[in-house]
> 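I'd like to ask you about the structure that follows.
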Amino acid sequence: MSANVWHVFEIVFWPVIGAWAAGLVLLAVNLLHKTRKSPLIANILLASGTLMLAAFIGYMWVQLERPPMRTLGETRLWYSALIPFCGLAVGMRWRFHWLNFYTVLTAALFLFINYLMPETHDRTLMPALQSPWFIPHVVVYMIGYALLGASSLAAFHSLLKTRKFAALDPGEGGFMAAHKLAELGFIFLTAGLLFGGLWAKTAWGHYWTWDPKETWALLTFFSYLVFFHLHFRSHGRTRGAYVFLAVSFIVLLLCWFGVNYLPAARSSVHTYQG
Amino acid sequence: MNVWPYNLFLACALVAALVLIRFVPGLRAPGKFLSGVPMAVTATIFLGALGVFSGILPQTGDPSAPWYYRITSTGIFAVSVVFFLLTLGLAALKRPFPKSLKKAGYLLNHAGLWIIVAGMTFGAGDIQRQKIELKKGVAIAQPDVPFEITLLDFELHEYPAKLMLFDHYSGVFVHPGDFSTELQAGKTISLMQWKIAVETVYPSASKSNKDYISDPSGKGGQAAYIKVHGKDISGETKLAAEGWVAQSGPGAMPKGVVAGRYMLAVSRSQPKLFRSVIEYRIANGPKTKSYIEVNKPLAAEGWDLYQSSYDSSMGKHSDVSVLDAVRDPWLPVVYTGIFILLAGMLHMFVFGSRASIKKGAA
C-alpha cells in the first residue's frame, strides 16, 4: 500500500486533459465545416479521456479500499467522469454536438479544481457511511447532477441563439435535449433523495430530520418540479420555464457545495464532506 | 402518546375533503382550479420559500426562538403544507383509474409524493424517540419502552493509526500523518529523507517492561516497532533510530521515537466500527442477546434501537453506550409513498414524462 493516489492523479490529469482538448479542437473543426458526418474521431478522443478518468477512479477505489465518494473532491471526480458521457450521448442522439463543449469544459474545470486543491486521501470511513446505501445514494446523485448540469448547459446554448422576445421552438435540438436531460436527471435526483431517506432511517433512526443538506436537496427537487410544470403548461415555448431551469441548477449547486458556507451548516450531519 | 388520535382524524378529514371536491358535481370548477398547474407551482414555491429560510438559518427546537429559527413549527409552515397537500391531492385524483400501465405514471408520481408528505405531516406527532444511556452490567428500563436492556460489552475497532512527526524542540507538527504513513506491519514509510521500516504492529498492546506485547482484551492502544534510516535534516550526517511508538493505553503513556531533532509518534486513530453487545428482555420473558451497530439497528416490539454514541473520551475503554430508541407507527405509510414514487420514477424512465398526460392538462 505504498502507492500514492495523489501522485497517480497528477500523472493521469494531463493525458485526460490532453485527450479532451484534442477532441474539442477536432469537434470544432468538424462543426465549423458543417460536415454532415458524425464527428467520430473527436468523439473517440473525448470518450478515451473520460474512460482514463473512470479508470483512475477505479484505481483509487482499490487503493483506498473504500468507495471514493466521501469528500467533495471525490464527488467532483465522479462528476467529471460522468458529465462528458451525457454530452456524448446527447450529441449522438439529437445531433446536438455543441453540448460537448459545455460538458467537457465543465468536467475539465472540476478536474482542475481538484488539481489545485490536493486532498490527503484517507482510507477511513466513519461508521455511519459504512452502509449498503452509500454507493447507490452517491452514484445516483452524481448521475443526476451530471444530467441536470448538461441540461442547463444545453438550454443556455439554445437560449443564446434565440432572439429575445421570440417564441421558443420546443423542437429545436438544444431545447429538446435540455428537457429530456432534465427529465432523466430528475429521475436520478429523486431516487437519490429517496435512497437518502431510507438510509437515514437505518443510520440515525429517522428518514427526515431537516438537516440543511436534506433541506437543500428537497429545495432542488421542488425547483425542478416547478420547471417541469411551467414547461408543461407553456409547451416549452416560453423563456420563463428555462429561467427556472437555471434557478434549479443554482439551487443544486448550493445543495452540493454551498451548504457548507451557510450559517445552517453548523448543525449538518453531512459535515464529513468538508 | 396520543390517547385520542386527532392526527388520524385530520388525515381522514383531508382525504374526505379531497374526494368531495373532486367528485361532487357542484365543486368541479374550484376543484379544477385548485389542482391546476398554476396552483401546483404556487404551492411548491410557497413551501419552498419557507424551506429556504430553514436551509440558510440554523434551526432550533426551542419554541421561544424567533419564527425564522424554527420554521417547521410555525403556523405558516403548517398552512403551506396543508395547501400543498390540497393541490397535490386533487391533482393525484384527476386520473385515479389509469386505463393502461403506460398511463399510470402521473398517478404514481402525484400519489406517491402525497402519501409521503401526508405520512410525514400527520405522523410527526406519534413519533417517540428516547435516548437510552447504558452502563456496562446495569439493566436499564425506561418508561414507554417496553423492554429492559443490559449492556454486556462495548466494542470499538479502529483504523490503523498513522505515524506523525513533530519538531522535538518547538513542538510544531512537521507531518500530521496521512494515508501514506499508516502503520502496517512489513511496510516501509518514506518521510523526510528517511525510510522507516514498520516491523511489528499490535492493534491492541500493553506495556511489559520496556517492550510492548499484544493485548488480547482489545482495549490497549496501538503500538508498532519501527526502524528509521537515512540522513538528518542537514543531509550530511547519517541517522538511525529504532524503538516502539505507541498510543496511550490503560496505565501506559504514549511513546515516541526520537530521530535527531524530530520525534515520531502515533496519531489517535479513527473508529472503524463500534457496537454494543446487549441483552434485552420483554416484560418477564426470556433474555435475548443481540448486537447493535451503526447502520444495523435492532427491531423489537415496534421499536427500533440505534447505536448512537459512546464515551468518546474513553474510546475503546468506554463502558457507556448511548442508544436511540425510536417508534414511528406511521413509517409504513411513508415507506409506501416512497416505493410508489420510486415506481413512478421507474415509469418515467421507461415511458417518459408525457406518456401518461393528455396534452393541455396537468
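Remember, it's a predicted structure, so these values are computed and weren't measured experimentally. Computed over heavy atoms, backbone and side chain alike; hydrogens, waters and symmetry mates excluded. Proteins come first, then strands; the chains are lettered A, B, ... in the order of their sequence lines, and each starts at number 1.
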> So His206(A) and Val326(B), side-chain contact (heavy atoms from CB on, under 4.5 Å) or not? Walk me through it.
CA-CA 8 Å; His206(A) 198 37; Val326(B) 181; 5.8 Å; no
> Among Thr44(B), Ile45(B), Ile56(B), single out the residue with the greatest number of heavy-atom pairs under 4.5 Å to chain A.
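When all of Thr44(B), Ile45(B), Ile56(B) are compared, Ile56(B) has the most.
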> Using non-hydrogen atoms only, which part of Tyr69(B) is less than 4.5 Å away from chain A: side chain, backbone, both, or neither?
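For Tyr69(B), no heavy atom lies under 4.5 Å from chain A.
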> Tyr306(B) versus chain A, heavy atoms under 4.5 Å apart: side chain, backbone, both or neither?
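For Tyr306(B), side-chain heavy atoms alone lie under 4.5 Å from chain A.
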> Side chain from CB out, backbone as N, CA, C, O: work out which of these in Leu193(A) comes under 4.5 Å of a heavy atom of chain B, or both, or neither.
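Contact with chain B: none, neither part.
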> Is the closest side-chain heavy-atom distance between Leu342(B) and Thr190(A) below 4.5 Å?
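Result no, sub-4.5 Å side-chain heavy-atom pair not found.
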> Determine the option with the most heavy-atom pairs under 4.5 angstrom with chain B, choosing from Leu262(A), Leu219(A), Val251(A), Leu184(A).
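Going by pairs under 4.5 Å, I would pick Leu219(A).
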> Can you tell me if Arg268(B) has over 12 outside heavy atoms packed within less than 6.0 Å of its CZ?
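Open.
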> Within the distance-only criterion (no hydrogens, no angle test), does the side chain of Gln130(A) pair as donor or acceptor with the backbone N or O of Lys272(B) below 3.5 angstrom?
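Answer holds: yes.
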> Do Glu293(B) and Pro127(A) come close enough that some side-chain heavy atom pair is under 4.5 Å?
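Side-chain contact under 4.5 Å: no.
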> Could you tell me whether the side chains of Asn295(B) and Trp133(A) share a donor-acceptor contact shorter than 3.5 Å?
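Checked: Asn295(B)/Trp133(A) side chains show no N/O donor-acceptor pair below 3.5 Å.
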> Throw together a table of side-chain donor-acceptor distances under 3.5 angstrom for residues 329-341 of chain B, partners on residues two or more places apart or in other chains.
from      : atom 1 : to        : atom 2 : distance (Å)
Trp330(B) : NE1    : Asp126(B) : OD2    : 2.8
Thr336(B) : OG1    : Pro332(B) : O      : 2.5

> Side chains of Lys201(A) and Asp304(B): closer than 4.5 Å at any heavy-atom pair?
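Contact flag for Lys201(A)/Asp304(B) side chains = yes.
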> Which value, rounded to the nearest 0.5 Å, describes the distance between Leu194(A) atom CG and Met345(B) atom CE?
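It comes to 8.0 Å.
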> The test is side-chain contact (heavy atoms from CB on, under 4.5 Å); show your working for Trp204(A) and Asp324(B) and say whether it passes.
CA-CA 8 Å; Trp204(A) 298 308; Asp324(B) 271 330; over 6 Å; no
> Can the ring centroids of Phe53(B) and Trp210(A) be said to lie less than 6.0 angstrom from one another?
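Judged by ring-centre distance (under 6.0 Å), Phe53(B) and Trp210(A) do not meet the cut-off.
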> Against chain A, label Thr72(B) side chain, backbone, both or neither, depending on which of its atoms sit under 4.5 Å from a heavy atom there.
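Side chain only.
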> Side chain from CB out, backbone as N, CA, C, O: work out which of these in Ile116(B) comes under 4.5 Å of a heavy atom of chain A, or both, or neither.
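For Ile116(B), the side chain is the part near chain A, not the backbone.
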> Under a 4.5 Å heavy-atom cut-off, does chain A meet the side chain of Ile127(B), its backbone, both or neither?
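Contact with chain A is through the side chain of Ile127(B) alone.
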> Of all the heavy-atom pairs spanning Gly55(B) and Ala264(A), show the shortest one and how long it is.
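Looks like O-CB, 3.3 Å.
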> Less than 4.5 Å to any heavy atom of chain A: does that hold for the side chain of Leu298(B), its backbone, both, or neither?
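No part of Leu298(B) comes within 4.5 Å of chain A.
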> Indicate yes or no: at least one non-hydrogen side-chain atom of Phe349(B) is less than 4.5 angstrom from one of Glu183(A).
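In short, these two side chains do not touch, never coming nearer than 4.5 Å.
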> What I'd like to find out is whether the side chain of Thr215(A) reaches to under 4.5 Å of the side chain of Gln59(B), using heavy atoms alone.
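They are not in side-chain contact.
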